[in-house]
Amino acid sequence: MREAITRWWERGRDRYPNRREQFRQVVWSTWVSLKNNVPLTVASILCAGVALSLMGTSMTVSSGIDNATARWRGGVETIIFLEPEADANVISSVGRELESNKLVASVSFVSQSEAYREFSEMFADSPELVRSIGADALPSSWRVVPVSDATSEEIESIGERWQEAPGIYQVVYAKDAVRAVLRISSTVSWSLSLLATVLGVAAWLLLLAGARAAAFARREELTIMRMVGAGRMMVRLPFVLEGAIAGALGALGGSFAVFKTSKAIQERLAGDGDVAILQSFVIPGERIKSVVYLMMLLGVLLGASASFWAVGRYVRASEGLPTSMVSRTIKRIDMVSKRARLAKARRDVSSAFDAAPLQSTGLEREQQTQHDDLSLEHGEDGESASLHRGA
Amino acid sequence: MVGTLASVETEGPIITMSRVSKRYGDVEALRDVSFGINRGELAFLVGPSGSGKSTILKLLTRELLPDDGSVYVAGRDISRMRIGKIPQLRRVAAYVPQDNPLLPGRSIEENILFALSVLGWPRERAGRRVEEILELVGLTDRRKARSEELSGGERQRAVIARAVASAPKILLADEPTGNLDPDTTVGVMRILDAISRAGTTVLVSTHDRNVVDAMKKRVIALENGRVSRIEEYGSYRGGSDA
């Protein structure tokens with residue numbers, strides 16, 4: 001890998017011996033383009049920002065919902081919390097009785113250490129809180145999944161038996177609100193993701209339109225660059241950089257919005273004492289951080305790819321290739337088949353010569369000389385070659 | 001650095017077109033065109049509008065691809081050249097298009113510097129090069145003039161200066177005297193002749209018979225996309241297939 005990177009770097013150094021000057025030119029072109037297209041650039045940044053912030057918010061809110069409903073996932077309808085100091089006999093007798101109940105499909109035990117791990121993950125942003133609680137303070141529990149055709153009365157009857165039993169701290173049921181949250185959370189998450197995707201496509205198209213407008217405004221410059229022998233990347237780079245900057249700025253704004261929105265939603269819901277499940281609505285800081293990184297990456301990719309695509313038509317037009325993708329593909333297929341026909345013809349001629357060797361006509365030598373004579377590798381050192389040599 | 005212009009002094013054609021055909025939809029722009037241009041030669045492509053002169057020049061810079069036949073530049077069949085090699089070709093074969101494009105709002109000097117900077121020339125060296133080139137085309141005094149302030153002749157010379165600034169082996173000029181008065185035309189042709197005498201192969205397309213007659217160089221005449229005749233004035237030894 002390292003060798004490959006070194007080879008790539010050296011190849012680039014050979015091809016672009018004065019990268020510093022070219023880089024200066026690229027930065028200058030990018031700046032001029034950004035400066036000359038302020039309204040379009042701002043529109044692109046805003047659109048990318050809105051799309052990315054929606055996507056980011058949907059991701060962080062989903063994470064909060066996951067946290068809030070974690071213990072109710074997998075069809076759990078009843079949780080029997082045991083006193084922290086409940087002895088092993090009580091715990092196992094509850095478990096045995098639940099397992100033998102015909103209304104129970106499955107039952108799982110969450111120990112104090114497992115409960116502490118869940119708690120630690122949920123409040124990863126508040127290490128002081130996690131440290132101050134300790135595993136001993138949290139109750140162990142049995143999580144009960146009833147049979148699929150159990151009615152709500154039957155489900156309640158499973159826990160009723162334990163309401164007042166010794167060693168039991170509390171019996172909790174998945175109320176309608178929890179069921180509703182579980183039901184709609186994935187729908188909301190999908191809807192937000194779909195909306196974010198649509199807006200992402202819109203942002204990409206807007207960035208594309210912006211890059212096209214910028215490329216059109218600088219078409220003379222593009223033509224001249226290609227005419228004098230600037231490489232494809234040299235022509236594209238200022239535009240790609242411009243798109244990447246717009247995308248990154250959009251993502252930066254979007255990240256700020258996601259951070260603020262996530263915190264506001266969390267504070268609002270966690271402070272709602274009426275709905276107990278929402279008190280565990282926690283969006284971990286790590287999650288927000290990873291969403292922000294993802295947004296930045298997507299922003300840069302959105303902007304850079306849109307610009308890369310937009311300038312392509314100007315680059316291709318100067319290479320004898322059609323600008324439309326369909327015509328280009330047809331042309332390429334045609335070129336490949338032409339090459340194949342030529343190669344076959346050469347093989348046929350060569351095998352014919354092998355079969356009946358002829359005296360050399362010197363043709364091969366002449367062709368070889370043509371190829372060896374002038375290399376197209378032509379650097380600027382030949383420079384003044386010079387126009388003044390014979391002038 | 002790779003490559004020099006030393007090889008320009010060697011014998012043999014630097015440009016060879018062999019049975020090249022090109023169509024634009026139903027219109028046949030070129031049919032079975034074959035000719036060769038020697039290294040360091042100044043030659044003319046003549047013919048009426050629509051005879052295929054510009055198409056030939058665009059084929060030589062790989063702005064277009066032939067439908068059939070081979071186009072050799074500096075020993076390479078450029079119609080089968082990889083796209084990534086096209087920039088190298090254009091550093092070898094510079095093109096002066098018919099519409100004389102210059103960057104708007106920028107001076108002659110800036111236009112030439114721009115071309116050199118995108119090719120990665122260091123600033124000091126590019127600056128020295130600009131001096132030489134401006135002197136060659138006689139625009140030293142007008143170096144700060146913006147492209148909009150230039151006359152037709154000055155504009156033409158500025159475009160030629162930019163094209164040859166990076167020392168290409170071949171210069172392809174498309175109607176460089178198209179809209180110029182006779183005196184300016186002579187000036188431009190003198191510059192092209194000087195460039196040719198310096199070792200650069202120059203191929204000029206024109207429909208102006210007077211220019212061609214005055215220069216007494218080899219002429220490739222085109223008619224309806226075919227080579228109608230090749231008039232030998234110089235010492236062309238590569239032969240013609242036409």
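Per chain, numbering begins at 1; letters A, B, ... match sequence-line order. Keep in mind that this is a model prediction, so the values were computed, not measured.
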Toward chain A, the part of B:A115 with a non-hydrogen atom under 4.5 Å: both
Decide if atom CZ of B:R146 counts as having more than 12 heavy atoms of other residues, nucleotides or ligands within a radius under 6.0 Å. no
Got a second to check how far B:L119's CG is from A:M234's CE, nearest 0.5 Å? 8.5 Å
For the residue pair B:P87 and A:G229, what are the closest heavy atoms and their distance? CB-O, 3.3 Å
Any chance you could lay out the side-chain contact (heavy atoms from CB on, under 4.5 Å) test for A:M227 and B:V96, step after step, and finish with the verdict? CA-CA 9 Å; A:M227 208 160 44; B:V96 176; over 6 Å; no
Give a yes or no on whether B:Y24 atom OH has more than 12 heavy-atom contacts from other residues, nucleotides or ligands under 6.0 Å away. yes
Assess whether side-chain contact (heavy atoms from CB on, under 4.5 Å) is satisfied between A:R232 and B:I83, documenting all intermediate values. CA-CA 9 Å; A:R232 268 185 160 196; B:I83 282 171; 3.6 Å; yes
Which of B:L103, B:V118, B:V159 passes side-chain contact (heavy atoms from CB on, under 4.5 Å) with A:I224? It is B:L103
Take atom CZ in B:R19; do more than 12 heavy atoms of anything else shown fall under 6.0 Å from it? no
Hey, are the side chains of B:R90 and A:R226 touching, using non-hydrogen atoms and a 4.5 Å cut-off? yes
Give, as side chain, backbone, both or neither, the part of B:L116 having an atom under 4.5 angstrom from any heavy atom of chain A. neither
Mark yes when over 12 heavy atoms from residues, nucleotides or ligands other than B:R190 sit less than 6.0 Å from its CZ; otherwise mark no. no
Look up atom OG in B:S147 and atom CD in A:E220, then write down how far apart they are to the nearest 0.5 Å. 9.0 Å
Hey, is CH2 on A:W31 packed in by over 12 heavy atoms from elsewhere, all under 6.0 Å? no
